[in-house]
Novice: 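Pasting in a structure now, in structure tokens, and then I'll have a few things to ask.
In what follows, chains carry the letters A, B, and so on, assigned in the order in which the sequence lines appear, proteins first and then strands, with residues in each chain numbered from 1. Just so it is clear, the structure is predicted and the values come from calculations on it, not from any experiment. Because only heavy atoms are used, hydrogens play no part in the values below, and waters and symmetry mates are left out as well, while side chains stay in.
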Amino acid sequence: MPELPEVETVKRELEAAVLGKKIVEVRVFDSRVIRFPSAAEFKKGLTGAVIKNILRKAKVLILELTNSKSLVVHLKMTGQLVYPGAAGKASRVSFYFSDGKILDFNDQRLFAELRLMERWQDLEFIRNLGPEPFEIGPEQFREMLGKKKTKIKPLLMDQAFISGVGNLYAAEALFGAGIDPRRPADSLTAKESAVLLKEIKDILNKAIEHKGSSVDQYVQLSGEPGGYAKYHKVYDRVGKPCLVCKTPIQRIALGGRGTYFCPKCQR
DNA sequence: AATGGGACCTGCGCGC
DNA sequence: TGCGCGCAGGTCCCAT
């Protein structure tokens, strides 16, 4: 599922592929993914526009256009952007460029969201985003954790607390830091919180280097899977031996989400 | 304030 | 072989 490294990968690839290109046609195969405005207005607002700038805010992708509007993309869990595309049957929306190439937006489960906004900065979700891990240091992180009694793992996934981390990287970072996902956030020592922040940053950076983790549906812009999944130490490894101590990896539900951890290495 | 559950969706893998 | 069911998780929303 696309988290910060996957969205960053797609953002970089989009920059190389479609920056400066003109959209000449938009075909909508399932209008449910278009959250704003209507499908008709969406098409009208995009046709003829040139992609001027591409940004990422946490897990959100923003394509700024020359007509002062922005295409805001949230892939949620199964959204994909594929280029060059083929407007195949899995496509929900296809963007046709003046050079004849196609950018396909696919989404198996229809959770993903496309919006055409005058001002993406006004989107409530974006306004409420907490800092990305790269934007804070250990002292600030410790202070943030100290104000929260909630379990550390769901807290890492709270985009208003810290943004860009989802279920997979939260589990991997907590394993790397040797911290039990059920620990109250304010129980982490200064040293533990510093190690955790470093693990988060290191793992996100390494995942970006390997162009993301392909579990479930995520693919790079080219349609190829990302290469980071083979480095996962706990995610989706329930019952398999811990790569450090051989204890079977456990899976529990926290905040309704599958949580993988090593009961021996993580305390 | 924190927590839990359901909702949104579809396809996959499982057990029978 | 085929069917029904649970599950997957990013985010919002509601209830407690």
Novice: Below the 4.0 Å mark, does C:dT11 have OP1 or OP2 next to a side-chain nitrogen or oxygen of A:K59?
Specialist: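 Indeed, a polar side-chain atom of A:K59 lies that close.
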Novice: On a heavy-atom basis, which atom in A:I152 and which in A:I179 lie closest, and how many Å separate them?
Specialist: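 In this case the closest contact between A:I152 and A:I179 is CG2-CG2, 4.3 Å.
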Novice: Report yes or no: is the cationic atom of A:R237 (NZ for Lys, CZ for Arg) under 6.0 Å from the centre of the six-membered ring of A:Y260, at an angle within 45° of the ring normal?
Specialist: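 No, A:R237 and A:Y260 do not form such a contact.
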Novice: Of the nucleotides B:dT10, C:dG10, C:dA8, which one has an atom closest to the side chain of A:H74?
Specialist: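 From the listed options, C:dG10 comes nearest.
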Novice: Using whole Å, report how far CZ of A:F161 lies from P of B:dA2.
Specialist: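 So the two atoms are 10 Å apart, to the nearest Å.
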Novice: NZ of A:K148 versus P of B:dA2: gap in Å, rounded?
Specialist: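 Answer to the nearest Å: 5 Å.
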Novice: Return the pairing partner of C:dA15 with a 3.5 Å limit on both distances, Watson-Crick or G-U wobble; otherwise return none.
Specialist: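 Pairing partner: B:dT3.
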Novice: Measure from CD1 on A:I126 to P on C:dT11 and round the result to the nearest Å.
Specialist: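 For the pair A:I126 CD1 and C:dT11 P, the rounded distance is 11 Å.
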Novice: Relative to the 5' end of DNA chain B, which residue comes earlier, A:G256 or A:L110, by the nucleotide with the nearest heavy atom?
Specialist: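 Closer to the 5' end of DNA chain B: A:G256.
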Novice: Give a yes or no on this: more than 12 heavy atoms of other residues, nucleotides or ligands lie within 6.0 Å of atom NZ of A:K21.
Specialist: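 Result for NZ/A:K21: enclosed.
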Novice: Can you check whether A:R32 has a side-chain N or O nearer than 4.0 Å to OP1 or OP2 of B:dT10?
Specialist: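 For B:dT10, OP1/OP2 do have a side-chain N/O of A:R32 under 4.0 Å.
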Novice: Mind calculating the distance between CZ (A:R35) and P (B:dC8) to the nearest angstrom?
Specialist: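 To the nearest whole Å, that distance equals 12 Å.
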Novice: Which value, rounded to the nearest 0.5 Å, describes the distance between A:S70 atom OG and A:Q121 atom CD?
Specialist: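 Rounded to the nearest 0.5 Å, the OG-CD separation comes to 7.0 Å.
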Novice: Can you say whether the rings of A:H210 and A:Y228 are parallel (under 30°), tilted (30 to 60°) or perpendicular (over 60°)?
Specialist: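 It falls in the tilted class, 30° to 60°.
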Novice: How many Å lie between CZ on A:F29 and P on B:dT10, as a whole number?
Specialist: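 Whole-Å distance recorded here is 17 Å.
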Novice: Using heavy-atom distances to pick each residue's nearest nucleotide on DNA chain B, tell me which of A:K149 and A:R257 is more 5'.
Specialist: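 Looking at the nearest nucleotide for each, A:K149 comes out on the 5' side.
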Novice: Which of the following nucleotides, B:dC9, C:dT11, B:dA2, is nearest to the side chain of A:T150?
Specialist: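 Among B:dC9, C:dT11, B:dA2, the one nearest the side chain of A:T150 is B:dA2.
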Novice: So if I take every side-chain heavy atom of A:R251 and compare against C:dG10, B:dG4, C:dA8, which nucleotide ends up nearest?
Specialist: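 Output: C:dA8.
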Novice: Which nucleotide wins on minimum distance to the side chain of A:K151, given the candidates B:dG4, B:dA2, B:dT10?
Specialist: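 Of the candidates, B:dG4 comes closest.
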Novice: To the nearest Å, how far apart are A:I34 CD1 and B:dC8 P?
Specialist: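 After rounding, the gap between these two atoms is 20 Å.
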Novice: Atom CG of A:D186 to atom P of B:dA1: distance rounded to whole Å?
Specialist: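 Rounded to the whole Å, the gap is 16 Å.
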Novice: Give me the distance, rounded to whole Å, that separates C:dC13 from B:dC9 when you measure between the P atoms they each carry.
Specialist: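 Rounded to whole Å, the distance is 14 Å.
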Novice: Whole-Å distance between C:dC12 P and A:L129 CG?
Specialist: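 After rounding, the reported distance stands at 9 Å.
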Novice: Planes under 30° and centres closer than 5.5 Å, is that true for A:F111 with the base of B:dC8?
Specialist: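 Answer is yes, a stack.
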Novice: Please measure how far the C1' atom in B:dG6 lies from the corresponding atom in C:dG6, and state the result in whole Å.
Specialist: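 About 15 Å, rounded to a whole number of Å.
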Novice: Within the 4.0 Å heavy-atom criterion, would you say A:Q159 contacts the bases, only the backbone, or no part of the nucleic acid?
Specialist: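 Here A:Q159 touches the backbone only, sparing every base.
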Novice: Answer with yes or no after comparing the ring centroid distance for A:H74 and A:F125 against a 6.0 Å cut-off, counting only values under it.
Specialist: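 They qualify: ring centres under 6.0 Å apart.
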